[in-house]
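Written below as structure tokens is the structure these notes are about.
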Amino acid sequence: MAIKPALTVLNATSAQILNTIRANASYEYQSQVPEVTDEKSLIRVGDKIMGAPAFRNQFVNALINRIALVVAKSMIFNNKFANLKKGYLEFGETIEDVFVKIAKVVNYDPNKAISRELKRTLPEVESAFYKMNWQVMYPVTIGENELRQAFMSFQGIENLITKIIDAVYTAAEYDEYLLFKYLIIKAIAHGKMYAIGVDTTTDMKNSAKAFRG
């Protein structure tokens with residue numbers, strides 16, 4: 001199963017983000033786009049990036065692939081029903097869930113060894129198959145106007161990333177929440193989930209017995 005990413009919070013400033021992108025960009029990008037040291041240099045960086053389509057493509061790809069996508073993936077697991085998830089499918093599209101019931105106990109009796117111990121006692125095995133039936137994408141387009149406005153303030157890049165994350169994260173989070181509600185409603189309608197009465201007035205331990213049962 002895939003590994004669940006740890007929750008990540010974007011705490012870098014716009015200057016740090018821009019300088020990190022520059023440090024990992026091509027030689028041509030590094031030679032033409034200066035480092036960000038103050039608000040005036042931020043405007044110069046914006047002019048250089050917006051003035052060359054090649055630099056703009058490098059910047060947007062690095063901004064999405066290395067920063068926004070990482071933060072969005074780490075935040076996607078905050079659904080209130082997320083604790084009901086049981087792992088993540090890494091390969092394939094079908095999961096087989098196998099359950100083997102515990103063995104039954106019998107009294108030891110040497111006189112019944114021939115008829116009982118040598119008899120086949122097959123375990124009770126039950127299995128269920130789960131197949132992926134929902135796969136979607138949440139496309140986001142960054143226009144030149146949004147990108148140009150990001151260089152107008154020292155927090156512009158941070159705000160741009162926040163807008164990208166919110167557009168994807170909010171939609172995915174809400175859709176997953178609706179899917180969980182649908183599964184719960186479907187299970188209740190088909191009698192798979194139902195209420196169980198527990199008498200706690202006489203003994204509070206009855207609730208614990210019901211949970212264990």
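Taking OG from Ser41 and NZ from Lys48, the interatomic distance works out to 13.5 Å, rounded to the nearest 0.5 Å. Residue Glu35 holds its CD atom at 11.5 Å from CZ of Arg44, rounded to the nearest 0.5 Å. Phe55 CZ to Ile49 CD1: the interatomic distance, rounded to the nearest 0.5 Å, is 9.0 Å. The structure places CD of Gln58 at 12.0 Å from CZ of Arg22, a figure rounded to the nearest 0.5 Å. With values rounded to the nearest 0.5 angstrom, Arg56 atom CZ is found 11.5 Å from Tyr29 atom OH.
Judged purely by atom type and a 3.5 angstrom limit, Glu96 has no side-chain atom pairing as donor or acceptor with the backbone of Ala128.
Follow the hydrophobic side-chain contacts under 4.5 Å out from Tyr177 and you reach Met193 in the same cluster.
Side-chain contact between Tyr182 and Ile184: absent, with no pair of heavy atoms (C-beta onward) separated by less than 4.5 Å. Here the side chains of Val125 and Val98 are in contact, with some heavy-atom distance below 4.5 Å. Side-chain contact between Phe59 and Val33 is absent, with no heavy-atom pair separated by less than 4.5 Å. Glu176 has its side chain within reach of Phe180: a pair of non-hydrogen atoms, C-beta onward, lies under 4.5 Å apart. Side-chain atoms of Ser127 and Asp97, non-hydrogen and from C-beta on, never get closer than 4.5 Å to each other. Side chains of Tyr194 and Ile196 form a contact here, defined as non-hydrogen atoms less than 4.5 Å apart. Residues Lys104 and Glu124 are in side-chain contact: their nearest non-hydrogen atoms beyond the backbone lie under 4.5 Å apart.
Shown here are the salt bridge (Lys or Arg N to Asp or Glu O under 4.0 Å) partners of Glu126, two or more places apart in sequence or in another chain: Lys101. Partners of Val105 according to the side-chain contact (heavy atoms from CB on, under 4.5 Å) rule, which considers only residues two or more places apart in sequence or in another chain, do not exist here.
Looking at every heavy atom in both residues, Val198 comes nearest to Ala210 through CG2-CB, 3.7 Å. The two atoms that bring Gly51 and Pro53 nearest to each other are O-CD, 4.1 Å, heavy atoms only. Nearest approach of Val36 to Asn19, heavy atoms of both residues: N-OD1, 2.8 Å.
When the shell of 6.0 Å around CG of Leu178 is examined, it contains more than 12 heavy atoms from other residues, nucleotides or ligands. Atom OH of Tyr174 has 12 or fewer neighbouring heavy atoms from other residues, nucleotides or ligands inside a 6.0 Å radius. Atom CD of Glu28 sits in a sparse spot, with 12 or fewer heavy atoms from other residues, nucleotides or ligands closer than 6.0 Å.
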